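Here is the structure we will look at.
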Amino acid sequence: MIYRFRRDWLVVLLTLVVVAITIYVMFDVYFMKDDMVDRIVAPIVFAVIYTLALRTPRYFYIEKDLIIVKFFLGSKVLEGIRSVRPIGKAELKRCARTFGNGGLMGYTGYFRSKELGDFQMLAVRKDELALVTLDSGKQYVINYPGELLDKSKEQ
C-alpha cells in the first residue's frame with residue numbers, strides 16, 4: 001500500500017528560502033553581467049542543490065516484507081527486512097550527519113549514532129519514524145505509518 005507524508009513546516013520553509021535564493025542568484029548572474037566564474041559556478045551549485053532535492057522521498061510503498069521508497073528521481077528498494085521498530089525524535093538528537101541533506105525537501109543522508117549505529121535516513125518529516133533493519137545489517141530510518149507500527153506491536 002502507498003503512504004504519503006506531509007513535509008514538516010521547517011522543510012517547507014527551508015525549501016522555499018533555498019528556491020528563492022537560487023532564483024535570485026541565477027537572475028543576478030545572468031542579467032547583471034557578473035564575471036565568467038560566477039556564470040560557471042552558479043549552474044553547478046544550482047544543479048547539485050536540485051539533484052539532492054529530487055532524491056528526497058515522494059511516497060513509501062509498504063508491504064509485509066518489502067518497502068519501496070519512491071523519490072522524485074528513482075527509488076530505493078528495501079528487501080529482506082529483519083525488523084521495524086518506532087523511533088522517536090529524542091533518539092535522533094544525538095546523531096551526527098556524516099553526509100546528506102538536512103531539510104531541503106526532506107531529511108536524507110547518512111548518519112551515525114552511539115545508540116543506533118550507522119544508518120541512512122529517508123524521511124520528509126521527523127515524526128512517524130521507524131528504524132528498518134535489513135538481514136544484511138543495514139539500517140534505514142524512514143517515515144512509517146503509526147497504525148502499521150501499532151499493528152506490528154500487537155502481533
Side-chain angles (χ1 to χ4, degrees), residues 2-26 29 37-38 40-63 65-150 152-153:
I2 292 177
Y3 295 92
R4 297 179 193 275
F5 296 87
R6 284 188 108 85
R7 295 180 187 323
D8 282 341
W9 67 269
L10 182 61
V11 169
V12 173
L13 179 66
L14 182 62
T15 302
L16 291 175
V17 168
V18 169
V19 167
I21 289 171
T22 307
I23 290 170
Y24 172 77
V25 168
M26 294 300 285
V29 165
V37 173
D38 289 345
I40 294 170
V41 172
I44 293 170
V45 170
F46 182 82
V48 168
I49 288 172
Y50 287 98
T51 300
L52 287 173
L54 291 173
R55 292 289 298 164
T56 60
R58 209 170 100 213
Y59 63 82
F60 301 84
Y61 177 82
I62 300 172
E63 292 295 330
D65 55 352
L66 173 74
I67 298 173
I68 299 174
V69 182
K70 182 67 176 148
F71 306 116
F72 287 99
L73 184 65
S75 61
K76 177 81 172 179
V77 178
L78 307 178
E79 292 180 297
I81 298 169
R82 182 184 316 155
S83 66
V84 177
R85 75 165 180 86
I87 186 171
K89 290 181 192 178
E91 290 180 85
L92 295 177
K93 285 186 178 179
R94 295 177 294 278
C95 293
R97 181 175 51 229
T98 56
F99 179 78
N101 170 14
L104 182 61
M105 293 186 73
Y107 306 99
T108 59
Y110 297 90
F111 294 78
R112 176 170 289 141
S113 163
K114 286 183 180 180
E115 295 84 13
L116 302 173
D118 293 335
F119 63 91
Q120 184 177 358
M121 181 180 271
L122 304 167
V124 296
R125 58 182 307 122
K126 287 187 178 177
D127 61 350
E128 289 190 289
L129 292 173
L131 178 67
V132 178
T133 305
L134 304 182
D135 291 334
S136 65
K138 290 184 180 180
Q139 298 187 111
Y140 296 88
V141 172
I142 65 168
N143 289 115
Y144 201 87
E147 66 266 11
L148 291 182
L149 289 171
D150 294 340
S152 67
K153 285 181 191 176

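Residues take their numbers from the sequence shown, with the count starting at 1. Computed from a prediction, not measured in an experiment: that's the story for all the values here.
- A donor-acceptor pair is defined here as one N or O able to donate and one able to accept, closer than 3.5 Å; such a pair exists between the side chain of R7 and the backbone of M105.
- Shown here are the salt bridge (Lys or Arg N to Asp or Glu O under 4.0 Å) partners of R4, two or more places apart in sequence or in another chain: there are none.
- The closest donor-acceptor contact from the side chain of R125 to the backbone of R6 lies under 3.5 Å.
- Between L10 and K126 the shortest side-chain heavy-atom distance does not fall below 4.5 Å.
- A 4.5 Å side-chain heavy-atom check between V11 and T56 finds every atom pair outside the cut-off.
- N143 places a side-chain heavy atom less than 4.5 Å from the side chain of L129.
- Between A130 and I87 the shortest heavy-atom distance is N-CG2, 3.7 Å.
- Looking at Q139, its side chain does come within 3.5 Å of a backbone N or O of L116 through a donor-acceptor pair.
- For the pair Y59 and I2, the tightest heavy-atom approach, listed with the atom from each and the gap, is CD1-CG2, 3.6 Å.
- Using a 4.5 Å heavy-atom cutoff, the side chains of D65 and I81 are not in contact.
- Atom CZ of residue R55 and atom OG of residue S75 lie 8.0 Å apart, to the nearest 0.5 angstrom.
- One distance of note links CZ of F72 with CZ of R58; it measures 6.5 Å at 0.5 Å rounding.
- Closest heavy-atom contact between V124 and P57: CG1-O, 3.4 Å.
- Between K76 and L122, some side-chain heavy-atom pair lies under the 4.5 Å cut-off.
- Partners of R85 under the salt bridge (Lys or Arg N to Asp or Glu O under 4.0 Å) rule, at least two apart in sequence or in another chain, are E91.
- Partners of F119 under the ring pair (Phe, Tyr, Trp, His ring centres under 6.0 Å) rule, at least two apart in sequence or in another chain, are F111.
- The CG atom of D118 sits 4.0 Å away from atom CZ of R112, with the distance rounded to the nearest 0.5 Å.
- Residues L134 and Y140 have side chains in contact (heavy-atom distance under 4.5 Å, counting atoms from C-beta outward).
- Taking a 6.0 Å sphere around CZ of R82, one finds it holds more than 12 heavy atoms contributed by other residues, nucleotides or ligands.
- The 12-atom threshold is not exceeded at OH of Y110, counting heavy atoms of other residues, nucleotides or ligands nearer than 6.0 Å.
- For K70 and Y61, the positive end is not near the middle of the six-membered ring at less than 6.0 Å and at most 45° from its axis.
- The closest side-chain heavy-atom distance from Y3 to I67 is not below 4.5 Å.
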